[in-house]
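Notes follow once the structure below has been shown.
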Amino acid sequence: MVMIRNRLRPLALRLGFGGAVVALMLAAALDLGLGRQVLLIAPHDPATVELNRSLYLPGDPVAEIYGNPLRAPVRVILLSRQPLIQPPEEPGLRLLPVDKRRGENPLQTQTVWFLTRFIAAGLTLLGNFGLILPRPAKPPQRRA
């Protein structure tokens, strides 16, 4: 029992504070490495896209050629760039077709940061618990 109690404080400190730092670093790496700023759209079928392209006039909204925009641009985590549409009418715009009826919901970076905040808070509490635990007793030193 004494051996477990002596190891509990360093374990709580390392897992708590170290885990909180690691969780924040992982979220930042995920956001910076795989995060992309996109505009989510409900895609049109290819025939409608071709018709919309033929009717397009400069100054018209580009996203409406390819689908119905769902909301303002958001930052999402993408493992590959294949599903992105980069329209030639506006090369700086990236569109991500999402079919909400099929349950397609890309992972947004705001969700990652929301979860990371609670994980880091819980791990910080564990680290603080380690601070209030008594320090392990030092074994008596031998005299020569």
Side-chain angles (χ1 to χ4, degrees), residues 1-139 141:
M1 184 69 174
V2 173
M3 184 182 239
I4 293 173
R5 192 172 3 131
N6 287 344
R7 292 184 181 182
L8 191 59
R9 178 187 166 105
L11 181 67
L13 288 172
R14 287 186 183 120
L15 281 179
F17 294 129
V21 169
V22 168
L24 291 169
M25 288 174 54
L26 283 175
L30 196 66
D31 188 2
L32 292 174
L34 300 175
R36 304 279 180 261
Q37 189 78 13
V38 299
L39 178 61
L40 300 175
I41 60 167
H44 293 314
D45 59 278
T48 306
V49 171
E50 288 304 316
L51 177 65
N52 287 345
R53 272 188 159 166
S54 66
L55 298 174
Y56 174 74
L57 296 173
D60 289 345
V62 175
E64 292 178 3
I65 295 173
Y66 300 92
N68 296 325
L70 299 179
R71 58 176 142 167
V74 294
R75 193 159 172 84
V76 297
I77 305 294
L78 292 176
L79 298 178
S80 67
R81 293 186 182 186
Q82 292 175 345
L84 287 180
I85 299 172
Q86 193 166 2
E89 296 85 5
E90 191 175 336
L93 183 65
R94 289 185 178 88
L95 305 173
L96 180 63
V98 176
D99 192 358
K100 295 285 187 174
R101 290 175 288 169
R102 289 188 197 169
E104 294 177 359
N105 290 310
L107 179 61
Q108 296 183 19
T109 56
Q110 68 183 15
T111 304
V112 170
W113 284 109
F114 179 79
L115 293 175
T116 302
R117 181 175 49 186
F118 286 106
I119 291 169
L123 289 171
T124 303
L125 283 175
L126 177 64
N128 286 329
F129 174 71
L131 286 175
I132 63 172
L133 286 175
R135 292 178 188 234
K138 294 183 182 179
Q141 296 186 8

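- Within the 3.5 Å criterion, the main-chain N or O of Val38 finds no donor-acceptor partner in the side chain of Arg75.
- A donor-acceptor pair is defined here as one N or O able to donate and one able to accept, closer than 3.5 Å; no such pair exists between the side chain of Gln86 and the backbone of Arg94.
- Closest approach of Ala27 and Val112 over heavy atoms only: CB-CG1, 4.0 Å.
- For the residue pair Val62 and Glu90, the shortest heavy atom distance occurs at CG2-OE1, 3.5 Å.
- Atoms CG and CG, from Asp60 and Leu55 in turn, are 9.5 Å apart once rounded to the nearest 0.5 Å.
- The line from CG of Leu126 to CZ of Phe17 is 8.5 Å long, rounded to the nearest 0.5 Å.
- Here the closest non-hydrogen pair linking Leu93 and Ala63 is CD2-N, 4.4 Å.
- Considering CZ of Phe129 and CZ of Arg9, their distance stands at 11.0 Å, rounded to 0.5 Å.
- Checked by atom type and distance alone, the side chain of Thr124 pairs as donor or acceptor with a backbone atom of Ala120 at under 3.5 Å.
- Atom CG of Leu34 sits about 8.0 Å away from atom CG of Leu78, to the nearest 0.5 Å.
- One finds the CG atom of Leu107 at 9.0 Å from the CG atom of Leu79 (value rounded to the nearest 0.5 Å).
- Considering only heavy atoms from C-beta on, Leu123 comes within 4.5 Å of Ile119 through its side chain.
- Residues Pro69 and Ile41 share a closest heavy-atom pair of CA-CG2, 4.0 Å.
- For Leu40 against Pro106, the heavy-atom pair with the smallest separation is CD2-CG, 3.9 Å.
- Side chain of Glu104 to backbone of Asp99: a donor-acceptor contact under 3.5 angstrom is found.
- Within 6.0 Å of atom CZ in Arg53, more than 12 heavy atoms from other residues, nucleotides or ligands are found, so the atom counts as buried in its surroundings.
- Put simply, the side chain of Leu70 does not reach to within 4.5 Å of the side chain of Asn68, judged on heavy atoms.
- Annotation: the span from Thr109 atom OG1 to Arg36 atom CZ amounts to 12.0 Å, rounded to 0.5 Å.
- For residues 27-68, there are no ring pair (Phe, Tyr, Trp, His ring centres under 6.0 Å) pairs, not counting sequence neighbours.
- Side-chain contact between Leu96 and Leu39 is absent, with no heavy-atom pair separated by less than 4.5 Å.
- Shown here for Val98 and Pro43, the closest heavy-atom pair between the two residues is O-CD, 3.6 Å.
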